[in-house]
Amino acid sequence: MDRKKELKLAYKETPPPMGVYQIKNTVNGKILVGSGMNLPGKHNSCLFQLKINRHPNTELQADWNTAGPTAFTFEILETLKYQELPESQWRKAIAELEDKWLAKLSPYGDKGYNKLKLKN
C-alpha cells in the first residue's frame, strides 16, 4: 500500500510536459506555433475551442471549419527539461523556446497562422 501512495505522490509532484507545439493543417501546410506549461492541457484546450468555433485565431478557425478536424495534427516540437531549471525560470525558458521555433519555422502569411509581434 505504501508503494501505491509513493507512486501517486510522485505523479502529482511531476509537472506535465511543457514546451512548444504546432497545429498543422495537412491540406494547405499552414502551421500555428505555440507554447504552454501543460502541453496535454493546451492540446485539449485548443481542440475544445476549435470544436465550439471559439478559437482566438480566426484564420485557423476558418480553415478548421472548412477542412474539418481530420485535416489537422497537433505535434510537440520540443519539451522543456524542467529538472534542469528552477521553477522560477520555466516561463522564460518556454518563451525562449517558442521564439526559437518561430524563427526556425516562420509560420507567418502563406506559411502559417501566427502573427508577427511588433517590438517596441
Side-chain angles (χ1 to χ4, degrees):
M1 192 67 156
D2 286 335
R3 178 72 179 141
K4 205 174 192 180
K5 284 182 182 178
E6 285 175 27
L7 290 171
K8 196 182 245 187
L9 182 62
Y11 173 78
K12 286 181 179 180
E13 291 178 350
T14 303
M18 56 185 104
V20 181
Y21 66 89
Q22 75 175 5
I23 298 173
K24 183 174 187 174
N25 181 332
T26 60
V27 174
N28 64 17
K30 292 177 93 171
I31 59 174
L32 174 73
V33 174
S35 62
M37 298 287 291
N38 178 340
L39 290 174
K42 188 58 120 169
H43 181 211
N44 289 337
S45 174
C46 287
L47 190 58
F48 177 74
Q49 289 173 326
L50 288 164
K51 284 181 179 180
I52 65 166
N53 200 29
R54 294 284 187 254
H55 197 277
N57 188 301
T58 55
E59 190 179 353
L60 172 65
Q61 184 69 63
D63 283 354
W64 173 277
N65 294 345
T66 302
T70 57
F72 291 83
T73 60
F74 183 96
E75 302 167 41
I76 295 173
L77 297 174
E78 188 171 356
T79 56
L80 178 68
K81 292 173 180 55
Y82 64 89
Q83 309 91 325
E84 296 175 3
L85 293 170
E87 188 173 348
S88 63
Q89 293 179 12
W90 290 353
R91 288 192 188 279
K92 182 179 182 230
I94 288 172
E96 289 171 356
L97 273 183
E98 182 177 3
D99 288 344
K100 176 183 101 172
W101 281 96
L102 287 169
K104 182 177 184 175
L105 298 174
S106 295
Y108 309 106
D110 292 340
K111 290 175 63 180
Y113 299 105
N114 290 81
K115 306 293 181 225
L116 282 171
K117 296 175 188 172
L118 299 176
K119 297 197 180 203
N120 295 332

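All values below were derived from every heavy atom in this structure, side-chain atoms included, with hydrogens, water molecules and symmetry-related copies excluded.
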query: How long is the span from the NZ atom in K30 to the CD1 atom in I23, to the nearest 0.5 Å?
result: 13.5 Å
query: For Q83, does the CD atom have more than 12 heavy-atom neighbours from other residues, nucleotides or ligands under 6.0 Å away?
result: yes
Gap between atom CG of L60 and atom CG of N114 - 0.5 Å precision: 10.0 Å
- prompt: Are Q61 and N57 close enough, and set up right, to give a side-chain hydrogen bond (donor to acceptor under 3.5 Å, both in side chains), and what steps lead you there?
  reply: CA-CA 6 Å; Q61 184 69 63; N57 188 301; over 6 Å; no
- request: Of all the heavy-atom pairs spanning A93 and L85, show the shortest one and how long it is.
  value: CB-CD1, 3.5 Å
message: Which heavy atom of S35 sits nearest to which heavy atom of I94, and what is that distance?
response: CB-CG2, 3.4 Å
message: Tell me whether the count of non-hydrogen atoms from other residues, nucleotides or ligands lying under 6.0 Å of CZ in F48 goes above 12.
response: no
message: Does atom NZ (K115) have a neighbourhood of more than 12 heavy atoms from anything else shown, all under 6.0 Å?
response: yes
task: Classify the ring geometry between F72 and W64 as parallel (under 30°), tilted (30 to 60°) or perpendicular (over 60°).
output: tilted
query: How long is the gap from CD on Q89 to CD on E96, to the nearest 0.5 Å?
result: 9.0 Å
task: Starting at OG1 of T58, measure out to CG of N53 and round the result to the nearest 0.5 Å.
output: 10.5 Å
query: How long is the span from the CD atom in Q22 to the CZ atom in F74, to the nearest 0.5 Å?
result: 9.5 Å
query: Linking I/L/V/M/F/W/Y whenever their side-chain heavy atoms sit closer than 4.5 Å, directly or via other members, would V20 and L105 fall into one cluster?
result: yes
query: Could you state the interatomic distance from OH (Y21) to NZ (K42), rounded to the nearest 0.5 Å?
result: 4.5 Å
Linked, directly or transitively: Y113 and V33 (ILVMFWY side chains, under 4.5 Å): no
task: Only pairs at least two apart or in different chains count here, so list each salt bridge (charged side-chain N to carboxylate O under 4.0 Å, His left out) that has a residue in residues 70-82.
output: E78-K100
field: Shortest non-hydrogen separation from T70 to T26 and the atoms involved
entry: O-OG1, 4.4 Å
- request: Please name the pair of heavy atoms, one in L102 and one in Y108, separated by the smallest distance, quoted to 0.1 Å.
  value: CB-OH, 3.5 Å
query: What is the minimum heavy-atom distance between N38 and P40, and which atoms define it?
result: OD1-CD, 3.2 Å
- prompt: Is there a chain of hydrophobic side chains (I, L, V, M, F, W, Y, each step under 4.5 Å between heavy atoms) that links M18 to L47?
  reply: no
message: Could you see if L116 belongs to whatever hydrophobic cluster contains L32? Use Ile, Leu, Val, Met, Phe, Trp, Tyr and a side-chain cutoff under 4.5 Å.
response: no
- prompt: Going by heavy atoms in the side chains, are Q49 and P56 under 4.5 Å from each other?
  reply: yes
